[in-house]
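Notes for the one structure printed next.
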Amino acid sequence: MTAANIPFGKPILAEDAFSAVRSVLESGILVHGKVTEAFEDAFAARIGVEHAVAVSSCTAGLHLVHFARGIGPGDTVAVPAMTHVATAHAVELAGARPLFIDVEAGTGNMDASLLAKAVEDGAKPAAIMPVHYLGLPCDMDAVNVVASDVGAYVLEDCALAVDATYNGRKAGGLGLAGAFSFYPVKHMTAIEGGMVTTDDGDLAAAIRKRRAFSYNRALGERTRPGIYDVDALGYNYRMSEVEAAVGLSQLSHLDDFQEARARNDAILREGLSDIPELTIFPDSNAQARSSHYCFNIVLPRDGSIPRDAVVDFLKARGVGTSVHYPSAVPMFEYYRSKYGYTPGQFPVAEWLGEQTISLPVAPHVSESDARYIADCVDDAIKTVKRG
Ligand SMILES: *Cc1c(COP(=O)(O)O)cnc(C)c1O
């Protein structure tokens, strides 16, 4: 058998991306241009929201929403304990404090009943950040009920949720705003980059301004070149025209990408459903449909099947894996030492941090690759358990 070599992620850049980048470079207009505007319009249409604002990353977008809403010291923001550290960092960057909520053992999403309980116990989050874990939308009805009870705004972290739906509406349009990531191995890439989506025109305008130093006049609005005033603090969180060109190209192939992800997910789901040692999360429920970012298997809580051994076995067979995410966020050194969290406070998030493995389903994975991955996982569990 020829050795397989299936990485966890690999961006697929079609010829039209190369030509689009070339024309941007030849145009000499590298930021503040029409390509970024076109990307924003196309992305807003795809998600079904009024406004999309391109930024330099998802993290920048999350931070910018909090910054524009003026939260800061003294405020708390509810964040799931299992997510990319960026979700919590966006809160810290704004000067506020994350209120970590453990996640559901059946989905990995923020447990809305624990969120409600935290509020009953006196927490008053200024904002709530649901994260659609691996692409399956959170229980947004429950989150929105808590949010309106406490007057919090809802900022969705949609980094892994492009095209995910909840009650037929797309993630990114289910709260005040959403933020997407175009990091190379997400659903689609813009090299780096992010997009904030919202139906709130005032918020969109505030973010648009604050992503570029809070100039009072955008480049095209200046009557004399170089002349502007600045009436607020702002960042440089812009997306470049080159990145937007790549993003636009990716958007035109996104239907194919999503189809491949769904197909590969179904093959892995079918191939691995009979292995009793594995916990596998559903990719849909009565309200939600996943965007199939990756296929996670979760090993037993008792540690009887060590993750490292499974990952090494798969690596030896040429199957790349990843981990989403390598620790419950409160157990990362920065948060642990700052706030004094101790192991056991977020049992489900800690279990996932220690025992989850992400298998690839992205479009670089062919049908036969997906079957091969399922077979290798089956072998790995049998071998590691026996060993
Ligand atoms: C990747 C990721 C981010 C960070 O995205 P960037 O564009 O790299 O800033 C944020 N949240 C989640 C859930 C992610 O998976």
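Residue numbers count from 1 along this sequence. For ligands, and for the atoms within them, numbers begin at 1 and follow the listed sequence. The figures that follow rest on heavy atoms only: side chains count, while hydrogens, waters and symmetry mates do not.
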Legend entry - Flag, side chain of Thr83 to backbone of Pro80, donor-acceptor distance under 3.5 Å: no

Inset, instruction - Identify, by atom number and element, the atoms of ligand 1 in contact range of Cys58, meaning under 4.0 Å from any of its heavy atoms. - result: 5 (O), 6 (P), 7 (O), 9 (O), 10 (C)

Inset, instruction - Kindly state whether the ring of His89 and the ring of Tyr335 have centres lying under 6.0 angstrom apart. - result: yes

Inset, instruction - Take every heavy atom of His324, measure it against each atom of ligand 1, and state whether any distance is under 4.0 Å. - result: no

Legend entry - Flag if over 12 foreign heavy atoms under 6.0 Å of CD, Glu270: no

Legend entry - Closest protein heavy atom (residue, atom, distance) for atom 7 (O) of ligand 1: Ser181 OG, 2.7 Å

Legend entry - Nearest neighbour in protein (non-hydrogen) for atom 1 (C) of ligand 1: Lys186 NZ, 1.5 Å

Inset, instruction - Answer side chain, backbone, both or neither: which part of Leu160 comes under 4.0 Å from ligand 1, heavy atoms only. - result: side chain

Legend entry - 4.0 Å heavy-atom contact, Tyr133 with ligand 1: no

Legend entry - Interfacing atoms of ligand 1 (cut-off 4.0 Å, heavy-atom, Tyr325): 12 (C), 13 (C), 14 (C), 15 (O)

Inset, instruction - Evaluate the ring planes of Tyr215 and His32, with Trp represented by its six-membered ring, and classify them as parallel (under 30°), tilted (30 to 60°) or perpendicular (over 60°). - result: tilted

Inset, instruction - Under 4.0 Å from a heavy atom of Thr59: give me the atoms of ligand 1 that qualify, with their elements. - result: 4 (C), 6 (P), 9 (O)

Inset, instruction - Indicate, with yes or no, if the rings of Phe182 and Phe43 have centres closer together than 6.0 Å. - result: yes

Inset, instruction - Output yes when a side-chain donor or acceptor of Asp369 lies under 3.5 Å from a complementary backbone atom of Ser366, and no otherwise. - result: yes

Inset, instruction - Within a distance under 4.0 Å of any heavy atom of Ala159, pick out the atoms of ligand 1 and give their elements. - result: 2 (C), 3 (C), 10 (C), 11 (N), 12 (C), 13 (C), 14 (C), 15 (O)

Legend entry - Nearest-0.5 Å distance that lies between atom CG in Leu359 and atom CD1 in Ile373: 6.5 Å

Inset, instruction - Considering the heavy atoms of Ser57, write down every atom of ligand 1 situated less than 4.0 Å from one of them. - result: 7 (O), 9 (O)

Inset, instruction - Name the closest protein heavy atom to atom 11 (N) of ligand 1, giving the residue it belongs to and the distance to 0.1 Å. - result: Asp157 OD2, 2.7 Å

Inset, instruction - Check whether any side-chain heavy atom of Val185 sits under 4.5 Å from a side-chain heavy atom of Lys10, and report yes or no. - result: no

